[in-house]
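Only one structure is covered here, and it is reproduced in the block below.
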Amino acid sequence: MATILHNSPPLKRGLEANHPPRRHRPIPSRLLVPRAALPPPPPSSNRRQFLTESTAAALSVAVAPLVGFGSGDDRAARAEEGLSEWERVYLPIDPGVVLLDIAFVPDDPTHGFLLGTRQTILETKDGGNTWVPRSIPSAEDEDFNYRFNSISFKGKEGWIIGKPAILLYTADAGESWERIPLSAQLPGDMVYVKATGEKSAEMVTDQGAIYVTSNRGYNWKAAVQETVSATLNRTVSSGISGASYYTGTVNSVNRSPDGNYVAVSSRGNFYLTWEPGQPYWQPHNRAVARRIQNMGWRADGGLWLLVRGGGLYLSRGTGITEDFEEVPIQSRGFGILDVGYRSKEEAWAAGGSGVLLRTKNGGKTWNRDKAADNIAANLYSVKFIDSNKGYVLGNDGVLLRYLG
């Protein structure tokens with residue numbers, strides 16, 4: 001079990017405004033875990049492993065001909081589904097699984113991993129044409145059903161985080177995974193991880209704690225001095241609209257290539273930013289009437305902002321700002337949930353009920369693509385690994401692959 005440095009100075013923690021005082025845990029300035037992690041349990045034919053293996057074997061045979069649309073029948077099926085620059089990849093998982101993140105090994109772009117709810121980890125070794133369930137003994141626990149939220153690779157080193165709190169690390173491109181123990185005093189649930197260098201990574205929780213490690217996750221050092229709720233309650237008098245009703249968590253976290261973060265409050269009534277070296281998150285009033293759904297970074301360094309109900313806004317200029325302008329977008333009344341940039345000029349937006357839109361001029365105009373109109377699923381995430389490899393992740397096990 002990890003311990004906390006007792007000589008670290010206590011970190012400030014605010015009280016929720018307009019609510020009775022309650023006890024808050026400060027962000028520990030350093031999380032320590034023992035050098036020797038517990039060895040993985042010996043193989044055993046437990047119920048979960050048996051069900052996973054038997055289901056995977058059956059489904060991999062059943063769906064293999066549907067993946068890739070190679071034959072004439074498959075191309076006809078693709079035309080019937082109306083898929084244009086995207087194709088659907090059928091996966092050997094339960095329909096109720098929500099896909100959450102995807103990543104490929106930089107040193108081997110054909111080797112990748114796909115994460116989701118219900119303890120879902122899938123692996124591909126053919127560039128994403130076919131996927132098979134991946135069993136990681138150290139992540140199999142009869143008492144938990146993990147939700148794997150985020151994965152990131154740098155070279156052959158990779159990281160996976162999930163809820164309940166679990167951290168996995170690989171140094172051999174995912175051939176083997178080691179479970180790294182975490183402190184029980186970690187504030188919030190881990191929602192994002194980014195591999196940053198040799199044995200190094202950044203980790204973010206839904207309470208705004210940012211930790212960095214440089215020794216394979218055995219020690220984590222806090223990059224911010226207090227949680228988001230503490231920052232907001234300390235600065236509530238500065239005019240941040242909605243901060244007095246803040247619930248203490250963030251709904252989405254996105255990182256720019258140069259290490260800046262933008263996060264949306266769980267109620268969508270304001271957003272926060274953080275730059276490396278800053279001691280606290282910086283809260284910002286939303287510049288739009290409707291609540292914020294999601295925010296992220298454009299390929300040119302600016303920000304995009306989605307509001308509930310299907311609106312899209314782009315920041316004027318680049319960098320962190322509160323100056324946004326609305327862009328007309330045909331969402332058919334469904335919410336837009338994410339935006340992914342293929343290049344500075346081309347980007348794709350995805351949302352509820354299979355909404356898929358594209359821009360070819362940096363976001364000034366958007367056109368609807370009927371690629372997923374016949375797919376009864378919400379599309380939650382757009383991920384471009386590079387300009388030629390992109391994926392859209394949705395609920396009910398829906399995965400779309402970019403064809404170009």
Side-chain angles (χ1 to χ4, degrees), residues 4 8-17 19 22-31 100-101 147 149-150 152 159 161-165 167 182-194 196 201-213 217 220-256 258-286 291-297 303 305 320 322:
I4 305 297
S8 300
L11 299 169
K12 293 182 286 184
R13 180 76 182 236
L15 295 176
E16 295 282 352
H19 292 277
R22 59 184 182 181
R23 297 180 62 187
H24 290 290
R25 293 181 306 183
I27 292 185
S29 61
R30 190 179 298 271
L31 296 177
L100 298 174
D101 202 7
R147 172 191 177 101
N149 289 322
S150 181
S152 179
W159 306 79
I161 56 98
K163 174 185 177 181
L167 173 65
L182 289 167
S183 170
Q185 300 186 41
L186 183 72
D189 296 317
M190 294 179 292
V191 294
Y192 180 81
V193 67
K194 175 66 176 179
T196 56
E202 291 178 2
M203 176 177 64
V204 186
T205 76
D206 63 356
Q207 291 189 17
I210 303 176
Y211 285 101
V212 296
T213 182
W220 294 87
K221 182 179 179 181
V224 292
Q225 297 182 15
E226 61 187 11
T227 60
V228 168
S229 58
T231 296
L232 287 168
N233 288 301
R234 179 175 50 81
T235 61
V236 67
S237 60
S238 63
I240 302 301
S241 177
S244 59
Y245 301 102
Y246 189 64
T247 59
T249 60
V250 292
N251 193 40
S252 66
V253 176
N254 281 300
R255 184 184 188 273
S256 71
D258 54 0
N260 297 332
Y261 283 92
V262 61
V264 177
S265 70
S266 56
R267 295 195 177 187
N269 44 7
F270 53 89
Y271 66 97
L272 306 104
T273 59
W274 180 82
E275 299 177 80
Q278 291 182 337
Y280 314 109
W281 285 86
Q282 305 299 312
H284 302 267
N285 283 313
R286 71 179 190 270
R291 293 179 183 267
I292 304 171
Q293 177 70 44
N294 195 6
M295 291 182 69
W297 302 91
L303 287 166
L305 182 152
I320 296 173
E322 295 183 5

Test side chain to side chain donor-acceptor pair (under 3.5 Å) applied to [X] - qualifying residues, sequence neighbours left out:
X: Asn149; result: Arg147
X: Ser152; result: none
X: Glu322; result: His284

Could you work out, with side-chain contact (heavy atoms from CB on, under 4.5 Å) as the rule, every residue matching [X], not counting sequence neighbours?
X: Val191; value: Asp206, Val253
X: Thr196; value: Lys194, Ser200, Glu202, Arg255
X: Pro279; value: Gln225
X: Ser252; value: Val264, Asn294

- Item | CE-NZ distance between Met190 and Lys163, expressed to the nearest 0.5 angstrom |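 Rounded to the nearest 0.5 Å, the CE-NZ separation comes to 11.0 Å.
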
- With no hydrogens and no angle check, do the side chains of Thr249 and Gln207 hold a donor and an acceptor under 3.5 Å apart? no

- Query: When the ring planes of Trp159 and Trp220 are compared, do they come out parallel, tilted or perpendicular, using 30° and 60° as the limits?
  - Reply: perpendicular

So, do [X] and [Y] sit near enough that their side-chain heavy atoms are less than 4.5 Å apart?
X: Val204; Y: Tyr261; value: yes
X: Ile210; Y: Trp281; value: yes
X: Leu272; Y: Gln282; value: no
X: Glu226; Y: Tyr280; value: yes
X: Val262; Y: Asn260; value: no
X: Tyr211; Y: Pro187; value: yes
X: Thr205; Y: Asp189; value: no

- Message: Closer than 3.5 angstrom, by distance alone: can the side chain of Trp297 be matched with the main-chain N or O of Asn254 as a donor-acceptor pair?
- Response: yes

